[in-house]
Amino acid sequence: MTASASYPRRWRRPPQLVTTRRWRLMLPVLVLAYLILAVGSLEIDVGRVVEGLSRGARFVQGFLQPDFVSRWQDIRQGLIESLTMTLTATVVGVLVSVPIGIGAARNLSPRPVYLVCRSIVAVSRSLQEIIIAIFLVAMFGFGPFAGFLTLAFATIGFVAKLLADDIEEASASQIEAIRATGAGWSQLVHYAVQPQVMPRLIGLSLYRLDINFRESAVIGIVGAGGIGATLNTAIDRYEYDSAGAILLLVIAIVMLSEYASSHLRKTLQ
């Protein structure tokens with residue numbers, strides 16, 4: 001095949017999605033009308049907006065003048081809880097995700113196992129962390145245990161889904177070559193699949209570790225422990241300087257985690 005056949009030299013107009021001229025004129029009008037109605041349904045109160053801007057200014061002022069001293073014991077305890085929840089939930093979630101991800105790979109597992117594992121992944125991914133946290137707090141009460149279960153449950157759906165997709169996209173020739181030697185299923189996974197997906201699995205685990213720490217600050221608002229509970233208390237008491245200190249610490253830890261995971265991924269590659 002020649003280069004001229006592969007790459008056409010003349011530009012052609014792409015086919016139109018809407019061929020009727022009347023509809024091409026009406027669609028922008030309908031979209032604009034919908035946007036106007038949507039904005040009108042928000043019931044924007046100018047007085048509340050002005051009051052909110054003044055509170056926002058006080059929060060920004062506290063963020064620029066953070067107070068790390070007044071509530072340091074509470075901040076320290078919240079950070080320890082968040083870091084503990086993050087690390088343990090990520091480790092447990094990844095360990096559980098590996099067999100589920102292998103079972104959810106169509107090219108490795110029989111259909112019944114595939115359907116069961118895919119159902120587990122779908123259920124885990126269909127629920128937001130904050131909803132899971134509310135449910136688990138109602139079951140087990142306030143504290144970091146509910147946060148640990150929430151983050152571990154979310155990790156399973158995240159890692160297992162992406163791991164299964166990576167296994168299904170693995171090189172079929174390498175898998176067939178190992179299978180042709182008479183290797184069993186476990187040997188096939190160990191020698192044909194693991195070398196292809198292990199770097200990706202490590203990267204996903206580190207990425208999920210970063211996500212879990214940020215999520216620990218969110219689920220703490222509903223009573224699942226961690227730094228989020230301390231942040232919520234500071235905001236409720238209008239202690240914006242302490243809230244600014246907490247946010248700065250969260251940002252610093254996330255940035256440190258990002259740099260460390262990037263360096264680790266580069267070393268492993």
Side-chain angles (χ1 to χ4, degrees), residues 82-133 135-136 147-181 183-216 218-219 224 254 257-269:
S82 285
L83 293 173
T84 303
M85 287 192 307
T86 298
L87 183 60
T88 54
T90 303
V91 172
V92 173
V94 170
L95 291 177
V96 177
S97 298
V98 171
I100 296 177
I102 295 174
R106 192 190 302 270
N107 57 342
L108 284 183
S109 304
R111 185 167 180 79
V113 177
Y114 168 80
L115 293 176
V116 170
C117 292
R118 280 289 176 176
S119 299
I120 296 173
V121 172
V123 171
S124 177
R125 287 171 52 82
S126 62
L127 299 176
Q128 187 67 19
E129 284 87 345
I130 193 71
I131 299 176
I132 304 171
F135 177 70
L136 292 176
F148 159 75
L149 293 178
T150 300
L151 297 178
F153 184 76
T155 300
I156 292 171
F158 179 87
V159 176
K161 159 69 175 173
L162 297 178
L163 177 61
D165 292 344
D166 288 338
I167 293 174
E168 291 180 347
E169 296 172 0
S171 175
S173 60
Q174 185 171 342
I175 296 176
E176 290 300 325
I178 299 297
R179 183 179 284 124
T181 63
W185 184 85
S186 60
Q187 294 173 318
L188 182 69
V189 173
H190 182 70
Y191 293 105
V193 177
Q194 178 182 337
Q196 298 187 64
V197 301
M198 182 58 73
R200 173 70 169 165
L201 176 61
I202 294 174
L204 289 175
S205 303
L206 294 173
Y207 182 50
R208 188 64 211 186
L209 181 69
D210 184 9
I211 294 176
N212 282 345
F213 178 74
R214 286 182 280 127
E215 289 295 335
S216 70
V218 177
I219 62 177
V254 170
S257 173
E258 177 65 25
Y259 292 144
S261 62
S262 176
H263 178 72
L264 182 57
R265 286 195 299 266
K266 187 182 298 183
T267 302
L268 293 174
Q269 292 175 355

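Residue numbers run from 1 in the order of the sequence given.
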Query - Check: R118 and L115 side chains under 4.5 Å, non-hydrogen atoms - result: no
**Report entry** Rounded distance [0.5 Å steps], CZ in F158 versus CG in L151
**Finding:** 13.0 Å
Query raised in the report: Which heavy-atom pair separates S205 from T90 by the least distance, and what is that distance?
Result: O-CG2, 3.8 Å
Query - Side-chain heavy atoms of I219 within contact of I132, under 4.5 Å - result: no
Query raised in the report: Looking at A152 and A89, what are the two nearest heavy atoms and their distance?
Result: N-CB, 3.6 Å
Requested in this report: Kindly indicate whether the side chain of I102, heavy atoms from C-beta on, has any atom under 4.5 Å from the side chain of V193.
Outcome: no
Requested in this report: Would you name the heavy atoms of I156 and G93 that are closest together and state the gap between them?
Outcome: CG1-O, 3.8 Å
Report summary line: Applying salt bridge (Lys or Arg N to Asp or Glu O under 4.0 Å) to E169 and not counting sequence neighbours gives none
Requested in this report: For atom CZ of F135, decide whether the heavy atoms of other residues, nucleotides or ligands shown that lie under 6.0 angstrom number more than 12.
Outcome: no
Query raised in the report: How long is the gap from NZ on K161 to CG on L204, to the nearest 0.5 Å?
Result: 12.5 Å
Query raised in the report: With V123, which residues qualify under side chain to side chain contact (heavy atoms under 4.5 Å, CB included), at least two apart?
Result: F153
**Report entry** Close side-chain approach of N107 and I167, heavy atoms under 4.5 Å
**Finding:** yes
Query raised in the report: Quick one: OG1 on T88 to CG on L83, what's the gap to the nearest 0.5 Å?
Result: 10.5 Å
Query raised in the report: Does I120 offer a backbone N or O that forms a donor-acceptor pair with the side chain of S124 under 3.5 Å?
Result: no
Query - Validation row: L201, V159 side chains within 4.5 angstrom (heavy atoms) - result: yes
Query - Nearest heavy atoms of E129 and T150, plus distance in Å - result: O-CG2, 3.4 Å
Query raised in the report: Below 4.5 Å, heavy atoms only, C-beta onward: do V96 and T155 meet side chain to side chain?
Result: no
**Report entry** Least distance between heavy atoms, L87 atom then L209 atom
**Finding:** CA-CD1, 4.2 Å
Query raised in the report: Of all heavy-atom pairs between Y114 and S109, which one has the smallest distance, and what is that distance?
Result: N-CB, 4.4 Å
